[in-house]
Amino acid sequence: MITPPPLRNDCFALPAGVDWTPVDEALSLLQRRLSAVTSEETVPLDQALGRVIARDVAAERSNPPQPNTAVDGYGFGGGVAEGTYTLPLMPGRAAAGVPFGGPVPAGKAVRVLTGAALPDGVDTVVLDEDTTTDGQHVAFHGPLKQGANTRKAGEDAARGDVILTAGRVLTPADLALAAATGLAQLPVRERLRVAVLSTGDEIVEPGASAGPGQIFDANRPLLLAMLHRMGFEAHDMGRVPDDRERLRETLDRAAGQCHAILTSGGASAGDEDHVSALLRDAGAMQEWRVAVKPGRPLALGIWQGTPVFGLPGNPVAAMVCTAVFASPALHLLAGAHWTNPVGFDIPAAFEKNKKAGRREFLRARVRDGRAEVFKSEGSGRISGLSWADGLVELGDEACDIRTGDTVRYIPWSSFGI
Ligand code: AMP
Ligand code: MG
């Protein structure tokens with residue numbers, strides 16, 4: 001069990017003199033300043049999907065463990081040149097899991113079935129479909145290279161090879177590889193626990209009765225679900241009105257239970273922006289003005305040793321900021337590698353003129369191989385988030401996009417959501 005050191009209070013500090021921070025610089029700061037805060041545990045394979053590998057893991061057994069045949073056919077020793085061959089058959093056969101008892105002398109062949117360990121004296125297999133047999137002999141045409149239709153011991157992974165590296169988020173295929181190489185359990189990081197809370201006097205619980213001026217809490221279901229998709233343990237800390245004491249209590253509880261905290265709303269510098277006010281009072285608040293649209297300033301801080309991501313209240317900005325900034329940052333806290341979302345360069349099905357100085361993320365989806373964007377860029381339009389399957393990322397520089405121009409499309413899945 002390893003317990004990493006706490007984050008430094010100033011880990012979110014921007015370099016002096018920086019006003020609007022370019023997205024790449026903000027990301028690179030997060031990458032450099034954050035590190036794993038989770039401890040290590042061992043879990044069986046059936047609990048390992050989506051978990052972060054805690055340290056490099058080596059194969060305990062080679063795969064395949066011994067040479068075997070890749071096809072059904074007849075095995076013999078050595079390759080053969082061009083020509084016609086008739087070899088006497090040994091009685092019996094080699095099947096998967098049921099080896100042939102003895103050696104196969106030179107000049108003889110034996111029946112072999114896919115996955116069977118090659119008997120001594122056999123290193124080459126001729127495919128069933130290329131043979132005729134009378135039960136006593138097998139006849140076929142050469143040439144056949146030595147080793148044809150067989151798999152070498154350890155050709156997939158050899159015992160001792162590192163098969164999974166620290167920081168990897170385990171996929172279904174990784175579990176297959178671990179199982180095949182003799183591992184029934186894996187060292188993983190404890191699941192990152194992330195608290196989610198919404199702030200604002202206007203916010204009411206979905207399903208409750210909402211008076212004039214009140215709106216239902218959209219961000220909490222959004223953020224809890226995003227965290228769930230990222231493989232983290234999301235803790236619902238509920239809604240907090242614009243009341244500093246209530247917020248303080250909730251942050252205290254969240255910090256006691258979780259490795260990180262996501263808040264939405266109240267993160268700007270207004271009268272009712274209590275998240276930023278509290279973090280500032282605690283002396284560990286950084287206001288990140290990232291040159292990104294959609295996005296308001298991000299309030300980043302450390303509350304009782306626990307990193308807090310103060311997201312904008314606006315659901316569109318909250319989702320985009322979580323995907324672009326919080327997701328890779330939380331993955332680092334969870335012990336995973338830093339990941340840059342995989343994007344795809346595809347033709348635009350839209351036109352757009354954009355000024356320099358700010359990166360823009362548009363709600364987008366792919367239809368007929370082209371990127372469509374949502375009809376409105378209104379930052380309160382949750383319907384556009386739901387309509388979209390991902391984002392189009394427009395670089396910091398100015399651009400004038402015409403239909404058919406190449407743009408970068410990033411599906412939600414590339415953000416881990
Ligand atoms: P704020 O960042 O607190 O100034 O909020 C910005 C906008 O987002 C306001 O219109 C809020 O009403 C709205 N908003 C804040 N929190 C939520 C939430 N949890 N669900 C939906 N909208 C919200
Ligand atoms: Mg508010």
Side-chain angles (χ1 to χ4, degrees), residues 12 20 26 194-229 234-251 253-254 258 260-281 285-301 303 308-327 330 358 360-361 363 374 376-388 417:
F12 293 123
W20 286 91
V194 187
V196 175
L197 59 103
S198 295
T199 70
D201 285 338
E202 75 281 30
I203 310 296
V204 293
E205 201 64 14
S209 68
Q214 294 190 308
I215 59 169
F216 294 120
D217 187 351
N219 288 344
R220 238 163 74 239
L222 170 73
L223 296 174
L224 290 167
M226 290 176 83
L227 291 167
H228 195 74
R229 280 277 171 92
H235 283 224
D236 186 355
M237 307 302 293
R239 288 167 293 112
V240 186
D242 289 318
D243 172 318
R244 217 163 283 197
E245 279 322 301
R246 295 274 304 277
L247 184 59
R248 187 196 303 277
E249 284 162 25
T250 311
L251 288 177
R253 264 191 300 124
C258 293
I261 303 171
L262 296 187
T263 68
S264 72
S268 303
D271 298 347
E272 297 295 344
D273 287 326
H274 300 288
V275 173
S276 38
L278 272 182
L279 289 174
R280 196 174 294 113
D281 287 353
M285 146 91 177
Q286 301 292 333
E287 186 184 49
W288 276 29
R289 295 173 175 276
V290 186
V292 63
K293 183 183 170 189
R296 298 285 300 277
L298 272 177
L300 298 173
W303 186 265
V308 182
F309 297 81
L311 299 161
N314 188 308
V316 176
M319 182 167 186
V320 171
C321 287
T322 303
V324 175
F325 301 108
S327 174
L330 292 171
R358 217 161 47 150
E360 276 196 45
F361 291 95
R363 283 153 280 181
F374 191 56
S376 157
E377 289 181 20
S379 59
R381 302 275 191 108
I382 304 174
S383 59
L385 291 174
S386 168
W387 173 93
I417 57 176

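Indexing begins at 1, ligand by ligand and atom by atom, following the structure's order. In what follows, every heavy atom counts, from backbone to side chain, and hydrogens, waters and symmetry copies are set aside.
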Nearest heavy-atom neighbours spanning Asn219 and Gly313: ND2-O, 2.6 Å
Among all protein heavy atoms, pick out the one at the shortest distance from [atom]; state its residue, atom name and that distance to 0.1 Å.
atom: atom 19 (N) of ligand 1; result: Asp217 OD1, 2.8 Å
atom: atom 22 (N) of ligand 1; result: Ile215 CD1, 3.4 Å
atom: atom 20 (N) of ligand 1; result: Ala218 N, 3.0 Å
atom: atom 4 (O) of ligand 1; result: Asp273 OD1, 4.3 Å
atom: atom 3 (O) of ligand 1; result: Gly266 N, 2.9 Å
atom: atom 23 (C) of ligand 1; result: Gly313 O, 3.3 Å

Inspect the contact between Arg246 and Glu249 and indicate whether a charged nitrogen and a carboxylate oxygen are less than 4.0 angstrom apart. no
Can you tell whether the side chains of Glu287 and Arg289 come within less than 4.0 Å, N to carboxylate O? yes
Value rounded to 0.5 Å, distance of CD1 in Ile417 from CZ in Arg229: 8.5 Å
Leu300 and Phe309, any side-chain heavy atoms less than 4.5 Å apart: yes
Can you list the ligand 1 atoms lying under 4.0 Å from a non-hydrogen atom of [X]?
X: Ser198; value: 19 (N)
X: Asn314; value: 6 (C), 7 (C), 8 (O)
X: Phe216; value: 20 (N), 21 (C)

Atom 12 (O) of ligand 1 touched by protein (heavy atom, under 4.0 Å): yes
Give the contacting part of Glu202 toward ligand 1: side chain, backbone, both or neither, where contact means a heavy-atom distance below 4.0 Å. side chain
Heavy-atom distances under 4.0 Å decide this one: backbone, side chain, both or neither, for Asn219 against ligand 1? both
Arg363 backbone acceptor or donor facing Trp387 side chain under 3.5 Å: no
